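Everything below concerns the one structure shown next.
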Amino acid sequence: KHRMQGENVLYPIGWDAFGLPTENYAIKTGKQPKLVTKQNTDNFRKQLKSLGLSFDWSREINTTDPRYFKWTQWIFLKMYEKGLAYKSKSVINWCPKDKIGLANEEVVNGRCDRCGEVVEKREKEQWMLAITKYADRLYDDLDTVDYLERIKIQQRNWIGRSEGAELEFAIKGSKEKIKVFTTRPDTLFGVTYVVLAPEHELVSKLKPRNEKEVRAYVVAARKKNDIERTDANKEKTGVKLDGVFAINPVNREEVPVFVADYVLADYGTGAVMAVPAHDERDFDFAEKYKLPIKHVIDPLFIKRLGSDGIRNNEPLIERDAVVCVVKHWKNDAYLCLKWKKNDWQGFVVGGREENENTAKSGAREIHEETGYKNVRFIRKITNVHSQFYHEIKKQNRFAHFEVLYFELVDGNRDSISPEEVALHEVVWEEKNNVEKLVEHDEDMKYIWKYFLDHIPYTDEGILTNSEKFSGKISIEVKKSITEFAGGKWVTKYKLRDWIFSRQRYWGEPIPMIHCQKCGWVPVPERDLPVELPVVKKYQPTDTGESPLSAVSKWVNVKCPKCRGLAHRETDTMPNWAGSSWYYLRYIDPKNKKAMADRKKLDYWAPVDWYNGGMEHTTLHLLYSRFWHKFLFDIGAVNTNEPYKKRTSHGLVLAEGGEKMSKSRGTVVNPDELVKTYGADSLRLYEMFIGPFDQAVSWDSRGLIGPRRFIERVWALGAKVSVDKELKLGRESESLLQKTIQKVSGDIENMSFNTAISSLMILSNAFEKETKIPMADFEIFLKLLAPFAPHVAEELWRDLGNEKSIHVSDWPIIDESKIAEESITIVVQINGKVRASFKTAKGIAKETLEKTAFNLSDVKKWIGDKKPEKVIVVPDKLVSIVIK
RNA sequence: GCUGGAGUGAUGAAAUUGGCAAACAUACUCGACUCAAAAUCGAGCGCCGCAAGGCUUGCGGGUUCAAGUCCCGCCUCCAGCACCA
């Protein structure tokens, strides 16, 4: 459509053919990967062409072509030059089945993203790309692009930025310090122990008295794979470092130090301060090892919604209050109140008078509200703060509750005042039923759970037991406590540097040479590309060495610097390398002097609209954004982001609703469908089957509809008249104009299914005409052209046109031809449609109302009743309310 | 568990700002054409009811003259994240 509107549209296609699928297939069939790639791309090309997809084939690229990957290698060298590519020994994820090292991004829940095998840990020298240096930009610049929200969310999740404090815990009797990262420095007074990850360097330095036991634990932890390590449901384990104590920077308290594998070595600082009262993981661990739990945050519940939600413009009135949990004198039951006015239910609650002892005020409230006289105060449970709107007093409340536990001595009871009786009903609730009773009130629910069992409270609240910070709201003191503790406010990421080495044959060779004298030396630019040698054996090895290392002729080279003996890097790049910049090569695919001509890049880049599958919205998208930003920094491109807009189509699923799979034979072969139904039918069906962004189940029987439509359109061709005087009837003319509007808009919104439906409606209308003026039929064909290019083109030529319909002009609406039409006004009586009448557009409200009341159907329904209210919406309806 | 998104006939699905729910298509039923079948054409097609009419967008409430659409609570499914301190 945009092309027909005269715009310059670059619609390219290419093949990203390096990587495991090709290589594994080649190994299986005993063919050369290069040959396999050619066969596959030839077949796909043929199929794509048969569907009439209007790709610009002159710009076709292939990432495995040395003329292409010369520039992939060039970009790598630039990154090396800028210090973004480095080789380092690190623990990597090794897939024993694919025999390949994986990037963190390629490991999903501890399994290989490709084959599902459980990954192992191996230590290896790897080329790395410092993507973490771009983490902030990759995160922040998401605000500047037009991606689907869920794509942005995925990117943000992956980068995993969080802000918090870095704090130091000194070690008693040692110069060493434990650095911890926390997002909750406000809980610092509640630290009761400190935990190190098993890989933490201090574990071996600290010399605990039980060194042997500690070492055994560390060895065992290292042996576990990621699934065993990171399952959040498994029971936590750990070992105390006997005799080692960390000093809390905020109150000099000495707390024990543990090593435990629930702490991850590669996030934050690899060590955490544990606050069991306010963190679920620490809580679980503390329960298991009987460690103290120190409560330092009292919950703060703020009601924002509903009738008791705080009113924003009114002041908060602070009140001290009590909540009383009262147990029956004999049964295991608790005293509850059901309020009559607002169906609130919970425990006895009341205000505390000034200077009144809390236990006393609790007893007083129990007596006033329930009549029970003899209560025994057992203990204070906790404090809870609550902001809500007091519906009876009509004011915003900020209540500070002390939660008290009482037991009733006996059933002696005074009568309750009539006012209290009117307010609420007093009930005894069995212990097991209390939870149900309080489930709709956050505060009461928390109080009950905390009373039964000291659960961790992990949300924001008000500090307590925290010296000078007590009484403050937790979110407001995070930075000041950090400062008080001598810590720093920092940003951390989940994102790790990108492991860029693969020990396989079918990838771009990493263009580096290692010389004994000079170390790593980049291959000079003039020697690019470093091509893959043709070899007989390219099976991966179990040792983790690339199969290339056995090709001594290729490996042994002279050092570019000193001309001494040296050897090539035998690792290859991951399959994500070539796809990280291919959209730029489309702009200038045959350029021999640069990855693309700068002027052409400035004209075309960035990509205006990138549509692709959701499977590429984390990794490929993140990597290519990273590469693009790097190219921007070295001045190779002029934009900060590669893609302006990123959308995603829904998957076409197999007939059962499952993913199409070759092994289950549920894959649909387009060749056969094109043969039986035609390419246009297939195209129409795919677009008509459902919304663009939604997954749909394939149903080959559905192809019959579009096929019939095309046959009918074809038959319409016989009705076309060249008579210039001939005009369509007013109705059809108006419909034609509306269809132009609808199809144009729907294409922009990617609502192809409704665009096709409106074309069907128009064609149905044309069928009722005896003759169709040629000009009008041409408009129809143009609207049809993007969907069914072959039929549209053929009918277009039959009308005597010589140039292709696909380079003709997109139709423009003639508003004047829609305007005069008559419309239907609906008459509703008490919300139900009872009558309707036709009239012209733009009639005055009064006239519509009068017309409506004169209708016999309306008179029938109103009878002798008097209309209470009449609402008239011009051009739409008249709504009458009667009693 | 957390964060998104969805839930409408037998089926795929439509429904600009709240304004006639089910457009368009498939399947199905009946009829025409035919010796017959297919194809094609015509009619019907949410549910209950002979009809008048009533009911209907996952469930329960609410706002409104009017709710698939807005608000509150729940259920189910899909996707993403998940020991990230």
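Labels below follow one simple rule: chain letters A, B, ... track the order of the sequence lines, proteins then strands, and each chain is numbered from 1. Quick caveat: nothing in here was measured; it's all calculated off a predicted structure.
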Please report the distance, rounded to the nearest Å, between [atom1] in [X] and [atom2] in [N].
{"X": "A/F285", "N": "B/rA85", "atom1": "CZ", "atom2": "P", "value": "19 Å"}
{"X": "A/L703", "N": "B/rA27", "atom1": "CG", "atom2": "P", "value": "12 Å"}
{"X": "A/K494", "N": "B/rA85", "atom1": "NZ", "atom2": "C1'", "value": "12 Å"}
{"X": "A/E149", "N": "B/rG80", "atom1": "CD", "atom2": "P", "value": "17 Å"}
{"X": "A/K152", "N": "B/rG80", "atom1": "NZ", "atom2": "C1'", "value": "17 Å"}
{"X": "A/D279", "N": "B/rG1", "atom1": "CG", "atom2": "C1'", "value": "14 Å"}
{"X": "A/E849", "N": "B/rC65", "atom1": "CD", "atom2": "P", "value": "16 Å"}
{"X": "A/Y147", "N": "B/rA79", "atom1": "OH", "atom2": "P", "value": "24 Å"}

Sequence neighbours excluded, which residues qualify as salt bridge (charged side-chain N to carboxylate O under 4.0 Å, His left out) partners of [X]?
{"X": "A/K445", "answer": "none"}
{"X": "A/E163", "answer": "none"}
{"X": "A/R625", "answer": "A/E641"}
{"X": "A/R707", "answer": "A/E711"}

- prompt: So, does A/D453 use its side chain to make a donor-acceptor pair with the main chain of A/I455 at under 3.5 Å?
  reply: no
message: Quick check against the 3.5 Å criterion: does A/D261 have a side-chain atom that pairs as donor or acceptor with the backbone of A/G238?
response: no
message: Heavy-atom nearest nucleotide on RNA chain B for A/G270 versus A/E711: which residue maps closer to 5'?
response: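 That would be A/E711.
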- line: By nearest-nucleotide position on RNA chain B, the 5'-leaning member of A/N157 and A/E767 is A/E767
Atom pairs under 3.5 Å: protein N/O with N/O of nucleotides 28-31 of chain B:
none

Rounded to whole angstrom, note down the [atom1] distance from [N] over to [M].
{"N": "B/rC55", "M": "B/rU11", "atom1": "C1'", "value": "23 Å"}
{"N": "B/rG46", "M": "B/rU56", "atom1": "C1'", "value": "7 Å"}
{"N": "B/rC83", "M": "B/rU63", "atom1": "P", "value": "45 Å"}
{"N": "B/rA14", "M": "B/rA23", "atom1": "C1'", "value": "5 Å"}
{"N": "B/rC33", "M": "B/rU40", "atom1": "C1'", "value": "9 Å"}
{"N": "B/rC28", "M": "B/rG9", "atom1": "C1'", "value": "13 Å"}
{"N": "B/rA37", "M": "B/rA51", "atom1": "C1'", "value": "40 Å"}
{"N": "B/rU69", "M": "B/rA15", "atom1": "C1'", "value": "10 Å"}

Among residues at least two apart in sequence or on other chains, which ones pass ring-ring contact (aromatic ring centres under 6.0 Å, His included) with [X]?
{"X": "A/F752", "answer": "A/F692"}
{"X": "A/F285", "answer": "A/Y193, A/F258, A/Y262, A/Y289"}
{"X": "A/F181", "answer": "none"}

- request: Just grab all the salt bridge (charged side-chain N to carboxylate O under 4.0 Å, His left out) pairs involving residues 746-757 of chain A, residues at least two apart or on different chains.
  value: A/K1-A/E748, A/K742-A/D746
message: Show me the pairs that pass salt bridge (charged side-chain N to carboxylate O under 4.0 Å, His left out) and involve residues 189-200 of chain A, at least two apart or across chains.
response: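 Every salt bridge (charged side-chain N to carboxylate O under 4.0 Å, His left out) pair that includes a residue of residues 189-200 of chain A, provided the two are not neighbours, is A/E199-A/R229.
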OP1, OP2 of [N] versus side-chain N and O of [X]: anything below 4.0 Å?
{"X": "A/Y267", "N": "B/rA85", "answer": "yes"}
{"X": "A/R834", "N": "B/rG54", "answer": "yes"}
{"X": "A/K768", "N": "B/rC41", "answer": "no"}

- request: Sort by first number and list every stem of RNA chain B: at least 3 consecutive Watson-Crick or G-U wobble pairs, both distances under 3.5 Å.
  value: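 Result, WC/G-U stems under 3.5 Å: B:1-7 with B:75-81, B:10-12 with B:24-26, B:28-32 with B:40-44, B:46-48 with B:53-55, B:58-62 with B:70-74.
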field: Salt-bridge contact A/D266-A/R496 (side-chain N to carboxylate O under 4.0 Å)
entry: yes
query: Does A/K492 come within less than 4.0 Å of A/E166, counting only side-chain N to carboxylate O?
result: yes
- request: Tell me which nucleotide among B/rG53, B/rG4, B/rA85 gets nearest to the side chain of A/I153.
  value: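 Of all the options, the side chain of A/I153 is nearest to B/rG4.
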message: I need a per-nucleotide contact map over nucleotides 6-25 of chain B, read 5' to 3'. Cutoff is protein heavy atoms under 4.0 Å; write B for the base, S for backbone only, - otherwise.
response: ------BSS--B-BB--BBS
- request: Please say which of A/L736, A/I761, A/V713 ends up in a side-chain contact (heavy atoms from CB on, under 4.5 Å) with A/F766.
  value: A/L736
[X] near the nucleic acid: base, sugar-phosphate alone, or nothing, with a heavy-atom cut-off under 4.0 Å?
{"X": "A/K492", "answer": "nothing"}
{"X": "A/K860", "answer": "sugar-phosphate"}
{"X": "A/V195", "answer": "nothing"}

message: Tell me if B/rG61 is syn or anti. Syn = glycosidic torsion within 90° of 0, anti otherwise.
response: anti
